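Just so it is clear, the model here is predicted, and its values are computed rather than measured. Basis for what follows: all heavy atoms, side chains included, without hydrogens, waters or symmetry-related copies.
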Amino acid sequence: MARDDTYEERPRRRGRKVLITLVVLVLVLGGLIAVADRIAVGVAENAIADQVRREITKQGAHSSAPEVEVGGFPFLTQVLDGRYERISIGLRDVQASVRGDAVAMPKLDVDARNVRASLDTIRSGQGEVVAETVDGTGTISYDSLAKLLDRPGLALAEQGGRLAVTAPVDILGQRLTVTGTADITVGKEGQVALRFNDLNAEGLPNLPLARTLLNNYARSISIDVPLPELPFQLAVREVWPLPEGLTVTADARNVPISSATG
């Protein structure tokens, strides 16, 4: 009896069509889930940004609109698990009052890791939200520091990895340009200590009194800079000069950030 190849081929073709249809459906479903996931992330990021903006205002500070990014994928599984890999908050043009003067911080980047928050907390905005670690990196403009020192013509900048100063000074009736560098340390209370111990001035008279006056000027501009209160209980750990400003790193552990997540 002759074999009907056409009859056998039809089930195979139908099977391939069913398989292709299933693959397409899976891809479409996966795409829809991915889109929903990204939409949920956007909603969460906007909500966090609003809360951060309110908290900054409460502290008497100002900044541009916070830039928030919730890391980790997929986001929806993090919501169900109640643990978020990373929440990054970027603040720009931050200003806060210190002793009546505005300390400008062109940028402050905060990175919270392993953030714990239940689904009910996220949904209701009530409850405890805790970050296992929080790290921050900020930059203080040299112009702001110079204003705190309050010496006409004084300018600060990074030079060879150190904080350098240039300033006009009258010594024994002569207008001289003083130059030098500062030692920078972090105090127990989080203040940044600037100590100008090695200043020189070209043309300085070779007299003990001239050197004494120069040393007195160095002491007058050696101050403890009280930093504005940082969010999320961040404690300053290190400070070093960079071309764009004095860079500050801070961290905290097991930090309640409920107010930052609504």
To the nearest 0.5 Å, how far apart are [atom1] in [X] and [atom2] in [Y]?
| X | Y | atom1 | atom2 | answer |
| --- | --- | --- | --- | --- |
| Leu91 | Glu67 | CG | CD | 8.5 Å |
| Ile89 | Glu69 | CD1 | CD | 11.5 Å |
| Leu214 | Ile171 | CG | CD1 | 5.0 Å |
| Arg113 | Thr133 | CZ | OG1 | 7.0 Å |
| Thr137 | Lys107 | OG1 | NZ | 8.5 Å |
| Ile140 | Leu242 | CD1 | CG | 12.0 Å |

Check your understanding: More than 12 heavy atoms of other residues, nucleotides or ligands under 6.0 Å from CD of Gln174: is that the case?
Key -> yes

Work out which heavy atom in [X] is nearest to a heavy atom in [Y]; give both atom names and the distance.
| X | Y | result |
| --- | --- | --- |
| Asp183 | Arg162 | OD1-NH2, 2.6 Å |
| Asp109 | Gly90 | OD1-CA, 3.7 Å |
| Pro205 | Leu176 | CD-CD1, 4.3 Å |
| Leu234 | Gly136 | CD2-N, 4.0 Å |
| Tyr142 | Gly245 | OH-O, 3.2 Å |
| Ala112 | Val134 | CB-CG2, 4.2 Å |

Side chains of residues 150-157: which donor-acceptor pairs under 3.5 Å do they make with residues two or more places apart or in other chains?
residue, atom, partner, partner atom, Å
Arg151, NH1, Leu149, O, 3.0
Arg151, NH2, Ser220, O, 3.4
Arg151, NH2, Ser220, OG, 3.3

Review point. Among Ile221, Asp224, Ile184, whose side chain to side chain contact (heavy atoms under 4.5 Å, CB included) with Arg195 holds?
Key: Asp224

Point to revise | Worked verdict on Glu132 versus Asn254 for side chain to side chain contact (heavy atoms under 4.5 Å, CB included) | key: CA-CA 4 Å; Glu132 186 175 301; Asn254 297 317; 4.3 Å; yes

Exercise for review: In sequence, state the C-alpha distance, the side-chain angles, and the governing distance for Leu204 and Arg211, and then conclude on side chain to side chain contact (heavy atoms under 4.5 Å, CB included).
Suggested key: CA-CA 8 Å; Leu204 182 71; Arg211 175 52 62 179; 3.7 Å; yes

Exercise for review: Report whether Trp240 and Val192 are members of the same hydrophobic cluster (ILVMFWY, side-chain heavy atoms less than 4.5 Å apart, transitive linking).
Suggested key: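 Result: no, two separate clusters.
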
Check your understanding: Judged by atom type as modelled, is there a donor-acceptor pair below 3.5 Å linking the side chain of Arg219 to the main-chain atoms of Phe196?
Key -> no

Point to revise | Val165 and Leu199: CA distance, side-chain angles, deciding distance, side chain to side chain contact (heavy atoms under 4.5 Å, CB included) verdict | key: CA-CA 9 Å; Val165 61; Leu199 297 186; 3.7 Å; yes

Exercise for review: Would you mind reporting whether Ser222 and Leu194 have side-chain heavy atoms less than 4.5 Å apart?
Suggested key: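 No; the side chains remain at least 4.5 Å from each other.
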
**Study point:** Contact check, side chains of Arg86 and Asp111, non-hydrogen atoms, under 4.5 Å
**Key:** yes

Review point. In chain order, what residues pass the side-chain hydrogen bond (donor to acceptor under 3.5 Å, both in side chains) check against Asp251, with sequence neighbours excluded?
Key: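 By the side-chain hydrogen bond (donor to acceptor under 3.5 Å, both in side chains) rule, Asp251 matches Arg237.
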
